[in-house]
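Written below as structure tokens is the structure these notes are about.
Chain naming here is simple, since letters A, B, ... match the order of the sequence lines and numbering starts at 1 in each.
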Amino acid sequence: MNITHIKEKIRREFYQRDVLTVAKELPGKILVKKKGKSYLSGRIVEVEAYDGEIDQAAHSYLGRTKRNEIMFGEGGYLYVYLSYGVHFCCNVVTGVKNKGTAILIRAVEPIEGIGIMSKNRFGKKSLTEKEMNNLTSGPGKVCKAFGIGISHYGIDLTGDKIFLLNADLKKGEKIISSKRIGITKSAHLPWRFFIKNNPYLSRK
DNA sequence: CCACGGATTGGCT
DNA sequence: GCCAATCCGTGGA
């Protein structure tokens, strides 16, 4: 018994819509990675939208390359890249074919498999409260905790390895937007969407 | 072929 | 608050 028995997997049509529409709905949804018999899951609490047609910060802005190829496919696939030569970051590809849009998953709130995530991140199973809040509060941290790397590039999110589940926000929760973090080009666009006051945000 | 810099993190000051 | 670590995609010569 795990969360996949309770919630419904998100279907292709959800991802194939406009990137901003999807990005606004993503906080609250549940990221799941299945590894053998064990499940890792967490609620998405923070995302950023990237649109190669008008957004210079998007990896797809300069056109199609081998690295960003998956961004130009149809929505519902995973785009993974290496950041600063050190950390992996994962994105949900959105829109129809040739759009070049994706959403960076920046932070999640752990639900299942916290022991495994802790081991992936800190090499031990039990964490201090401080480490717990630091477990998945950033894009590189999410990938490390979930064990997501370049081998997961292009995975179909409607398959059964990595996928999202439908879920509603908890009572009183609110999604708000701000400028995106850590970019210099097209920095003014308010395309970061997150759950207000959530303790797992990469920044408040 | 080579130089540059980035959607980050963690450790030190 | 600042900065090093560390890789490779990208673009110019």
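- Note: NZ (A/K185) to P (B/dG5) measures 10 Å, nearest angstrom.
- In this structure, A/R180 places its CZ atom 11 Å from P of B/dT8, rounding to the nearest Å.
- Residues A/K170 and A/E109 are paired through a salt bridge, judged by an N-O separation under 4.0 Å between the basic side chain and the carboxylate.
- With respect to the salt-bridge test (charged N to carboxylate O, under 4.0 angstrom), the residues A/E131 and A/K124 qualify.
- By the 6.0 Å and 45° rule, A/R17 does not stack over the aromatic ring of A/Y15.
- Residue-level contact check: A/L104 touches the bases, meaning some heavy atom is under 4.0 Å from a base atom.
- Going from atom NZ of A/K66 over to atom P of C/dG11 covers 16 Å, rounded to whole Å.
- A straight line from CE of A/M71 to P of B/dA7 spans 11 Å, rounded to a whole angstrom.
- Following rounding to the nearest Å, A/R203 (CZ) and B/dA7 (P) show an atom-to-atom distance of 13 Å.
- As rounded to whole Å, 8 Å separates atom P of B/dT8 from atom CD1 of A/I181.
- For the C1' atoms, the distance linking B/dG5 with C/dC3 amounts to 15 Å, nearest Å.
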Subject >> Intra- and inter-strand pairs of DNA chain B in dot-bracket (Watson-Crick or G-U wobble, both distances under 3.5 Å; | for another strand) >> reply: ||||||.|||||.
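- Residues that satisfy the salt bridge (Lys or Arg N to Asp or Glu O under 4.0 Å) test with A/E48, not counting sequence neighbours, are A/R106.
- Judged by distance alone with a 3.5 Å cut-off, no donor-acceptor contact links the side chain of A/Y84 to the base of C/dA5.
- Candidate nucleotides C/dG11, B/dA7, B/dG10 were compared by shortest atom distance to the side chain of A/L62, and C/dG11 ranks first.
- Between A/R121 and B/dT9 there is no side-chain N or O to OP1 or OP2 distance below 4.0 Å.
- Where A/E48 and A/K144 meet DNA chain B, the nucleotide closest to each residue was compared, and A/E48 sits on the side nearer the 5' end.
- A/R67 comes within contact range of the sugar-phosphate backbone alone, with a heavy-atom separation under 4.0 Å but no base atom that close.
- For the pair A/F88 CZ and B/dT9 P, the interatomic distance rounds to 14 Å; values are reported in whole Å.
- Proximity of A/T65 to the phosphate of C/dG9: no side-chain N or O atom is located under 4.0 Å from OP1 or OP2.
- The local environment of CZ in A/R64 is crowded, with over 12 non-hydrogen atoms from other residues, nucleotides or ligands closer than 6.0 Å.
- With ring centers used as reference points, A/Y50 lies 6.0 Å or more from A/H59.
- In the set B/dA7, B/dT8, C/dG9, B/dA7 carries the atom at the smallest distance from any side-chain atom of A/H59.
- For A/E13, the CD atom is densely surrounded, since the number of other residues' heavy atoms within 6.0 Å is greater than 12.
- Distances from the side chain of A/T184 to the nucleotides C/dG11, B/dG6, B/dT9 place B/dG6 closest.
- Remark: aromatic rings of A/Y79 and A/Y77 are distant, center separation not under 6.0 Å.
- Nearest to the side-chain atoms of A/K141 among the listed nucleotides B/dT8, B/dA7, B/dG10 stands B/dG10.
- Remark: C1' of B/dA7 and CD of A/E46 are 11 Å apart, rounded to the nearest angstrom.
- Of all nucleotides listed (C/dT10, B/dG10, B/dA7), C/dT10 comes nearest to the side chain of A/N68.
- With B/dA7, C/dC8, B/dT9 as the candidates, the nucleotide lying closest to the side chain of A/L82 is C/dC8.
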